[in-house]
Amino acid sequence: MLNVHLLPHTHDDVGWLKTVDQYFYGIKNDIQHAGVQYILDSVISALLADPTRRFIYVEIAFFSRWWHQQTNATQEVVRDLVRQGRLEFANGGWVMNDEAATHYGAIVDQMTLGLRFLEDTFGNDGRPRVAWHIDPFGHSREQASLFAQMGFDGFFFGRLDYQDKWVRMQKLEMEQVWRASTSLKPPTADLFTGVLPNGYNPPRNLCWDVLCVDQPLVEDPRSPEYNAKELVDYFLNVATAQGRYYRTNHTVMTMGSDFQYENANMWFKNLDKLIRLVNAQQAKGSSVHVLYSTPACYLWELNKANLTWSVKHDDFFPYADGPHQFWTGYFSSRPALKRYERLSYNFLQVCNQLEALVGLAANVGPYGSGDSAPLNEAMAVLQHHDAVSGTSRQHVANDYARQLAAGWGPCEVLLSNALARLRGFKDHFTFCQQLNISICPLSQTAARFQVIVYNPLGRKVNWMVRLPVSEGVFVVKDPNGRTVPSDVVIFPSSDSQAHPPELLFSASLPALGFSTYSVAQVPRWKPQARAPQPIPRRSWSPALTIENEHIRATFDPDTGLLMEIMNMNQQLLLPVRQTFFWYNASIGDNESDQASGAYIFRPNQQKPLPVSRWAQIHLVKTPLVQEVHQNFSAWCSQVVRLYPGQRHLELEWSVGPIPVGDTWGKEVISRFDTPLETKGRFYTDSNGREILERRRDYRPTWKLNQTEPVAGNYYPVNTRIYITDGNMQLTVLTDRSQGGSSLRDGSLELMVHRRLLKDDGRGVSEPLMENGSGAWVRGRHLVLLDTAQAAAAGHRLLAEQEVLAPQVVLAPGGGAAYNLGAPPRTQFSGLRRDLPPSVHLLTLASWGPEMVLLRLEHQFAVGEDSGRNLSAPVTLNLRDLFSTFTITRLQETTLVANQLREAASRLKWTTNTGPTPHQTPYQLDPANITLEPMEIRTFLASVQWKEVDG
């Protein structure tokens with residue numbers, strides 16, 4: 001008997017063609033007919049009408065909003081439906097997150113938010129057993145690893161490469177066990193993964209929604225519209241055909257699609273008839289049984305079949321839905337929004353940490369009520385697969401940015417309350433959010449001010465502070481009142497507003513804490529600021545260099561381009577030519593009418609065009625910084641920068657607005673060319689965590705027919721990409737998600753910006769033009785040259801510092817005491833001792849009254865020792881780790897804190913790689929917490945705060 005599991009579902013994008021609120025309330029239905037509040041109303045009524053009906057719901061951003069608007073009576077009814085398993089939650093994150101442009105920390109946060117709502121509202125009955133990513137455009141290995149660590153029993157998705165799908169259907173490998181980590185011991189990161197047969201839509205001719213035009217089932221034989229026999233026969237054929245590509249006698253049909261079930265009765269009335277009529281055929285010898293089901297029920301049947309499953313080790317990028325149709329453009333689309341999201345992640349962690357370290361005084365204090373929740377929710381919304389991906393309409397992208405900005409406000413209040421409490425005096429704190437464009441009113445107008453720099457890392461950091469100032473000379477003093485070296489740099493520009501002078505000084509910051517520096521302008525001195533020297537282009541002039549004790553970078557005096565990098569500690573010299581190119585975006589051609597757009601990258605030729613063959617350059621050299629300013633064109637420039645003590649070269653690029661007056665859409669890349677023999681291989685990170693090997697024109701699980709030699713070799717880069725010849729490694733770290741590749745040996749490229757004149761036909765129906773504030777983008781690439789053996793230490797620690805950079809807060813100084821009798825404090829650390837370099841404090845956040853959520857992560861993979869034993873297990877004592885509170889009780893949970901670790905169990909699967917080792921018996925000793933490579937451990941801690949002024 002073939003069992004056909006019907007899964008009634010709706011796919012509700014948390015923003016796409018309409019904003020989140022427009023979708024929820026059913027506003028602007030002329031753009032797209034969709035109203036989530038009516039969908040949920042209608043589904044609940046339909047479920048109550050017949051106890052055999054089932055429904056699954058996914059997006060908690062919508063469900064939680066709807067829930068809070070219901071009466072107590074409705075809430076009780078829904079609780080009952082959940083208890084009976086008739087309404088089942090799948091996935092359960094705030095959103096169904098993108099997998100290419102998302103950072104793992106933000107994925108964990110958004111899943112935690114949604115699953116916590118379900119836990120608080122429905123208890124264990126509401127806990128989703130199945131991860132459900134039916135729409136994201138390609139699937140990352142790290143996502144599967146995280147899902148496994150979250151306690152999911154299995155994972156179903158809709159989209160995969162058309163060639164991959166065809167091969168899997170032939171080999172009966174539509175369902176496998178995904179081994180999603182090379183460091184974590186199986187089955188920790190093993191996840192049963194199934195490809196859904198029809199994407200996430202119903203089979204053809206079987207869509208009975210208001211939004212569909214298929215015929216309803218008519219079973220009155222006297223009606224001229226009678227079609228029951230025909231539809232039943234058709235269904236039996238479809239079910240049998242589909243079942244052939246799967247290994248058990250169970251198969252699944254997704255009965256629903258985007259924003260369906262606004263009139264749920266239409267769907268259920270027809271499905272009721274279909275089930276009754278198809279099952280009645282069994283009396284006539286049919287061997288098809290059809291039933292209302294859920295993903296968890298279907299998965300349970302697969303598990304009971306007791307088969308041995310094959311194992312997948314790589315990922316599902318890039319995704320193409322046909323020849324010439326690679327969904328690799330969205331890796332880079334809307335770079336300004338991608339950066340704002342990453343910056344907001346940084347700020348949210350600072351906000352979470354201070355809320356946890358200070359307790360209630362951070363939420364209620366002299367500056368009003370501070371709250372991390374609005375930014376936490378906005379950040380969760382941004383992880384949606386049409387948000388940070390850059391694949392929404394422009395007015396929706398604007399609304400995503402609006403939500404982030406609205407979330408920053410209550411966190412700024414929280415930071416002000418917390419800093420006043422920890423410093424012992426109140427001041428008028430100001431947060432200069434426009435430092436990336438050198439605007440900060442306080443530092444530009446005040447003759448004296450204070451700079452408080454908070455470091456969210458678990459170890460101390462030296463950080464170069466750069467603030468726009470008015471002209472003059474300044475004295476900077478450290479927390480102990482000692483003068484520290486500082487510099488004022490004046491920039492090569494007639495426009496002093498766009499490039500005001502900048503004050504530089506190096507701040508020494510304690511772990512999980514702050515240092516306060518005071519800045520005062522020295523009256524009536526002749527300005528000593530250093531202006532950069534323009535370099536005339538002369539063919540005979542010697543090479544130009546900038547250097548510090550670790551690195552030397554050399555530039556070609558004729559072209560102004562970077563020529564070579566030297567790592568002086570290791571005596572490594574590598575010729576590196578870096579410059580900017582652009583691909584002319586395809587608008588369709590004879591081979592295919594596919595155009596480049598928000599989702600799809602398709603250049604009209606393989607070879608990109610240079611933005612310019614040379615750069616106009618200016619040199620800046622002071623004791624605190626050495627810079628080469630390169631101007632390539634009116635819309636493309638770069639500063640190559642070295643600070644003392646820094647082991648990487650910083651490339652700060654500015655691109656835009658990209659000119660399209662010639663009617664050519666442009667996709668701009670920064671490319672590094674070296675003589676390294678890389679044998680077609682390069683390496684990219686997966687959501688900021690583990691590293692995957694990529695090979696040009698190759699896929700590990702099938703023989704690729706490559707139709708797009710550029711776009712078909714692009715992969716998501718969240719934090720880093722590198723090339724190596726086995727001896728030397730060139731790594732480039734990014735400050736946001738970008739698409740990247742190595743299209744010829746020794747070469748490495750990253751897409752920094754794109755502006756396109758044509759839509760790519762995937763539903764947005766609007767070209768990616770970005771005329772507003774997203775048109776001009778600035779960002780940083782951090783370049784490391786090292787031996788292949790030692791490189792991991794460099795890129796792991798630098799990436800951590802890039803994602804959780806220090807937060808600068810300014811104050812005019814001279815505020816009132818916070819409470820009398822407490823001496824003011826100019827420096828503070830939330831830790832009693834620094835964490836070892838291999839340990840990352842992933843989460844420190846408030847979880848409720850006298851409870852904090854704590855995640856500690858081993859940030860090195862197996863084999864990344866770097867000669868410093870950094871891949872070894874690390875043991876920590878949490879007992880007295882924090883300075884502001886004592887942990888009175890510690891409970892370990894799954895990654896998303898919705899199950900106790902000792903009580904959590906997952907379905908077990910047999911793989912063709914042999915048995916997985918038995919898990920060692922579990923015990924928890926707070927004084928003895930061991931982290932294995934790439935392991936994340938999550939704790940709920942009951943805490944008692946100490947008096948801060950102690």
Side-chain angles (χ1 to χ4, degrees), residues 11-39 58-66 68-69 93-98 101-102 106 109-110 113-114 135-136 258-259 330 333-345 347-348 371-412 433-434 597-599 736-737 755 759 762-777:
H11 176 65
D12 297 347
D13 288 307
V14 184
W16 181 41
L17 308 181
K18 306 201 294 190
T19 66
V20 183
D21 287 70
Q22 288 164 355
Y23 273 136
F24 180 77
Y25 290 109
I27 296 165
K28 291 211 171 168
N29 275 353
D30 53 328
I31 296 179
Q32 183 184 9
H33 187 96
V36 175
Q37 58 170 341
Y38 307 126
I39 293 173
V58 178
E59 294 86 6
I60 303 304
F62 285 134
F63 184 86
S64 63
R65 187 183 292 209
W66 176 83
H68 292 308
Q69 295 178 5
W94 201 246
V95 299
M96 182 185 296
N97 63 255
D98 177 52
T102 41
D109 283 353
Q110 82 85 11
L113 183 65
D135 195 25
D258 290 12
F259 297 99
Y330 80 98
S333 297
R334 300 197 186 279
L337 184 67
K338 282 179 162 65
R339 175 62 186 153
Y340 192 22
E341 180 275 334
R342 191 66 65 85
L343 205 59
S344 300
Y345 174 77
F347 192 60
L348 174 61
D371 192 1
S372 59
L375 185 55
N376 196 17
E377 286 183 24
M379 270 299 294
V381 166
L382 262 285
Q383 306 314 307
H384 165 59
H385 57 267
D386 293 304
V388 69
S389 57
T391 55
S392 71
R393 284 208 175 161
Q394 185 62 51
H395 81 279
V396 181
N398 295 346
D399 186 67
Y400 287 137
R402 177 199 64 78
Q403 290 184 58
L404 286 176
W408 278 62
C411 265
E412 290 184 357
Q433 288 186 21
Q434 294 181 298
Y599 298 93
R736 74 201 72 194
S737 291
R755 195 173 187 200
D759 175 68
R762 290 305 180 280
V764 174
S765 306
E766 182 185 273
L768 186 71
M769 276 294 287
E770 293 216 276
N771 289 320
S773 56
W776 182 50
V777 184

4.5 Å side-chain heavy-atom contact, [X] and [Y]:
X: Asp109; Y: Leu348; result: yes
X: Val381; Y: Trp94; result: yes
X: Ile39; Y: Trp66; result: no
X: His385; Y: Met96; result: yes
X: Thr19; Y: Tyr400; result: no

Return the set of residues passing salt bridge (charged side-chain N to carboxylate O under 4.0 Å, His left out) with [X] (not counting sequence neighbours), or none when no residue passes.
X: Arg393; value: none
X: Asp135; value: Arg159
X: Asp371; value: none

Original post:
Can you name the ring pair (Phe, Tyr, Trp, His ring centres under 6.0 Å) partners of Tyr38, sequence neighbours left out?
Top reply: none
Subject >> ring pair (Phe, Tyr, Trp, His ring centres under 6.0 Å) partners of Tyr23, counting only residues at least two apart >> reply: Phe259
Listed partners of [X] passing side chain to side chain donor-acceptor pair (under 3.5 Å), at least two apart:
X: Asn771; result: Arg755
X: Arg342; result: Ser737
X: Asp759; result: none
X: Gln433; result: Glu412

Original post:
Checking side-chain contact (heavy atoms from CB on, under 4.5 Å) for the pair Asp13/Gln32: CA distance, chi angles, key distance, verdict?
Top reply: CA-CA 12 Å; Asp13 288 307; Gln32 183 184 9; 5.8 Å; no
For [X] and [Y], which heavy atoms make the closest approach, and how far apart are they?
X: Leu768; Y: Ser333; result: CD2-OG, 3.7 Å
X: Cys411; Y: Phe347; result: CB-CE2, 3.6 Å
X: Ala378; Y: Gln403; result: CB-O, 3.4 Å
X: Ala401; Y: Tyr340; result: O-CE2, 3.6 Å
X: Val14; Y: His384; result: O-CD2, 3.3 Å
X: Leu382; Y: Glu341; result: CB-CG, 4.0 Å

Subject >> side-chain contact (heavy atoms from CB on, under 4.5 Å) between Val777 and Arg339, intermediate numbers included >> reply: CA-CA 9 Å; Val777 184; Arg339 175 62 186 153; over 6 Å; no
Just grab all the salt bridge (charged side-chain N to carboxylate O under 4.0 Å, His left out) pairs involving [range], residues at least two apart or on different chains.
range: residues 372-385; result: none
range: residues 763-777; result: Arg334-Glu770
range: residues 17-35; result: Asp21-Arg65

Original post:
Are any side-chain N or O atoms of Gln383 and backbone N or O atoms of Thr102, one a donor and one an acceptor, separated by less than 3.5 Å?
Top reply: no
Subject >> Flag, side chain of Trp16 to backbone of Val764, donor-acceptor distance under 3.5 Å >> reply: no
Subject >> Gap separating the CZ atom of Phe63 from the CD atom of Gln37, nearest 0.5 angstrom >> reply: 14.0 Å
Subject >> Derivation of the side-chain contact (heavy atoms from CB on, under 4.5 Å) call for Arg762 and Tyr330 >> reply: CA-CA 12 Å; Arg762 290 305 180 280; Tyr330 80 98; over 6 Å; no
